[in-house]
Amino acid sequence: MISFEKFTLKNGLKVLVHEDDSTPLAAMNILYDVGARDENPMQTGFAHLFEHLMFGGSVHIPNYDEPLQMAGGENNAFTTNDITNYYLTLPASNLETAFWLESDRMLSLAFSEKSLDVQRNVVIEEFKQRYLNQPYGDVWLNLRPLAYKVHPYQWATIGKEIAHISDAKLEDVKNFFKKFYHPGNAILVISGNVKLQDIKALAEKWFEPIPSGTAYKRMLPQEPRQTEKRILTLEREVPLDALYMTFHCPGRSDDNYYAADLLTDILSRGKSSRLYIRLVKEQRLFSELNAYITGDIDAGLIVIEGKLSDGKSIEEAEGSIRQELENMKSKAVSEAELNKVKNKIESALQFSEMNIMNKAMNLAYSELLGDANLVNEELKKYEEVQAEDLQRLAEEIFTDENCCCLYYVTKTN
């Protein structure tokens, strides 16, 4: 159970506070309600570019990292298709340094051609190294547009192509910042050895003077129901053939999300899971095989991906996976099997609540979904899932017409 208090500043910034006097530290998490799905289809990769630009200096602070390190702190950030998240930890006694730093870059970045050039080059190099120049790196650059034809989940956070970053103009970047990086589009969470009244005073001092910004109304095109199987074959210089299968599934706020998540756990969580025992250990079709849910806010994907063992064919491998999916549809899982994955989820959730940074992140994300207290209700939602729920959902999801297959095969000379 994560206790918290919540208040909203005059400029619309939502602030949540979790008091924990068992640690000398404090964590600050700022979630901006912007991800790759909010980008212009002709200017993709901007949310991720901003993850880098936000460390390039703000209007009054030319170097973000130096004062934070002097205060004994450390920080990082990440971007998804749904959100951009910045977080830091430091001794609670130095917390005001975090308020000073984060409020200044929310107020305004120190936009310059030099800073843009530096971070643009960093992102382009990342695009090349992680997505173009390593084995299997371009999987999601191809899998997303195969699975999504309308919704902006059809591109990865890095962007559709390098040109969208290399052609980014300073004015475009400024407009993106003005649209999304303001108090009305952010959630601030403080967790650790802090007191609510102190956080209120600091928030009012450092964040409340920042202009609220114009409210962003998200109006994204929804993905139509897929009606036929889609297949894409790629030849690449890779050591092993690989198979990727996706199935459209409920989004993060859907009541069926928890059942969909449990489906993937039964298939693939641990060495006692169905896919591992039958297709990796017994039949030796795959050298590695995983199933997971993307966990997106809008309708997401269940993904099954695996590297084939030498001498095994894509057709044989896919057929064996489909047989396991048919088993999920034709026969309800046992109570023992269902309880096993529920217990693993309970352990993972409890473990995540031991860390003040995780608690801050989870509170921020739950608040974005509509209610910060969802963080305390998740376990109950998993526990309420019954075997018949899994079977019903498997019948709905694991169909040919809802499937996309990417065959990633070794290039032959």
Side-chain angles (χ1 to χ4, degrees), residues 80-82 147-148 151 153 222-227 244-279 289-306 321-353 362 365-366 368-404:
T80 72
N81 287 73
D82 293 320
Y148 293 100
H151 193 284
Y153 284 160
Q222 294 306 297
E223 188 69 18
R225 186 179 183 87
Q226 187 175 325
T227 57
Y244 300 83
M245 302 170 69
T246 69
F247 300 86
H248 294 277
C249 71
R252 194 62 181 73
S253 297
D254 192 297
D255 289 340
N256 287 312
Y257 170 81
Y258 300 93
D261 193 17
L262 285 168
L263 274 179
T264 63
D265 285 358
I266 286 172
L267 286 170
S268 175
R269 188 165 188 166
K271 293 189 175 181
S272 62
S273 62
R274 294 187 176 194
L275 293 182
Y276 183 85
I277 288 177
R278 289 164 193 168
L279 305 190
L289 183 59
N290 296 291
Y292 55 90
I293 191 169
T294 54
D296 301 304
I297 290 179
D298 293 333
L301 299 171
I302 283 178
V303 183
I304 301 174
E305 60 176 51
I321 289 176
R322 289 193 177 279
Q323 183 57 57
E324 292 303 321
L325 299 183
E326 286 301 317
N327 292 342
M328 294 285 291
K329 294 158 67 173
S330 62
K331 184 180 179 181
V333 301
S334 68
E335 284 300 313
E337 191 174 20
L338 181 54
N339 287 332
K340 179 186 68 177
V341 293
K342 286 182 178 180
N343 289 338
K344 288 183 178 181
I345 283 177
E346 182 178 5
S347 297
L349 289 174
Q350 289 179 346
F351 185 77
S352 72
E353 291 183 9
N362 292 341
Y365 190 66
S366 294
L368 178 69
L369 293 177
D371 181 3
N373 198 51
L374 287 171
V375 74
N376 294 317
E377 298 174 350
E378 273 211 318
L379 181 57
K380 182 183 177 183
K381 290 179 181 292
Y382 281 110
E383 288 176 339
E384 289 173 345
V385 176
Q386 302 299 312
E388 53 265 30
D389 298 322
L390 297 183
Q391 188 174 9
R392 170 186 53 80
L393 203 60
E395 290 172 356
E396 293 176 10
I397 292 174
F398 296 136
T399 64
D400 268 359
E401 60 268 22
N402 191 38
C403 181
C404 294

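A ring pair (Phe, Tyr, Trp, His ring centres under 6.0 Å) check over residues 257-276, counting only residues at least two apart or in different chains, returns the pairs Y258-Y382.
Every residue two or more places apart in sequence or in another chain that forms a salt bridge (charged side-chain N to carboxylate O under 4.0 Å, His left out) with E396 is listed here: R392. Among residues two or more places apart in sequence or in another chain, the side chain to side chain contact (heavy atoms under 4.5 Å, CB included) test is passed with E377 by N373, L374, K381.
For D371, the CG atom counts as densely surrounded, since its 6.0 Å shell holds more than 12 non-hydrogen atoms of other residues, nucleotides or ligands.
A heavy-atom distance below 4.5 Å is found between the side chains of Q222 and H151. Residues I304 and L275 have side chains in contact (heavy-atom distance under 4.5 Å, counting atoms from C-beta outward). Here the side chains of E326 and F398 are not in contact, with every heavy-atom distance at 4.5 Å or above. Considering only heavy atoms from C-beta on, L325 comes within 4.5 Å of L267 through its side chain. No side-chain heavy atom of D265 sits under 4.5 Å from any side-chain heavy atom of K344. A 4.5 Å side-chain heavy-atom check between Y365 and R252 finds at least one atom pair inside the cut-off. With a 4.5 Å cut-off on side-chain heavy atoms, I321 and L289 count as touching.
Remark: the backbone N or O of Y148 is not paired with any side-chain donor or acceptor of H248 at under 3.5 angstrom. Here the side chain of K342 pairs a donor or acceptor atom with the backbone of V385 at under 3.5 angstrom. With Q386 contributing its side chain and E384 its backbone, the two residues share a donor-acceptor pair below 3.5 Å. Using a distance-only test at 3.5 Å, with no hydrogens or angles considered, no donor-acceptor pair links the side chain of D254 to the main chain of G251. Between the N402 side chain and the F247 main chain, no donor and acceptor come within less than 3.5 Å of each other. Although no hydrogens or angles enter the test, the distance criterion places a donor-acceptor pair under 3.5 Å between the side chain of Y153 and the main chain of D298.
Here CD of Q391 is found 11.0 Å from CG of N327. Values are rounded to the nearest 0.5 Å. In this structure, K340 NZ and R269 CZ are separated by 11.0 Å, a value rounded to the nearest 0.5 Å. Separating the CD atom in E337 from the CG atom in L390 is a distance of 9.5 Å, to the nearest 0.5 Å. In this structure, I345 CD1 and Q350 CD are separated by 12.5 Å, a value rounded to the nearest 0.5 Å. One distance of note links CD of E324 with CZ of R274; it measures 7.0 Å at 0.5 Å rounding. Separating the CG atom in L262 from the CG atom in L393 is a distance of 10.0 Å, to the nearest 0.5 Å.
Of all heavy-atom pairs spanning C249 and I302, the tightest one is SG-N, 3.7 Å. The nearest pair of heavy atoms linking A147 to C404 is CA-SG, 3.7 Å. Across every non-hydrogen atom of K271 and I277, the tightest pair is O-CG1, 3.6 Å. Residues E335 and A387 come closest through the heavy atom pair OE2-CB, 4.4 Å. Listed here is the closest heavy atom pair of C403 and R322: SG-NH2, 3.3 Å. Here the shortest heavy-atom pairing between T264 and I293 reads CG2-N, 3.9 Å.
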Please walk me through it: do T294 and N81 pass side-chain contact (heavy atoms from CB on, under 4.5 Å)? CA-CA 10 Å; T294 54; N81 287 73; over 6 Å; no

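At a cut-off of 3.5 Å, with distance as the only test, no side-chain donor of T80 or D82 sits close to an acceptor on the other residue.
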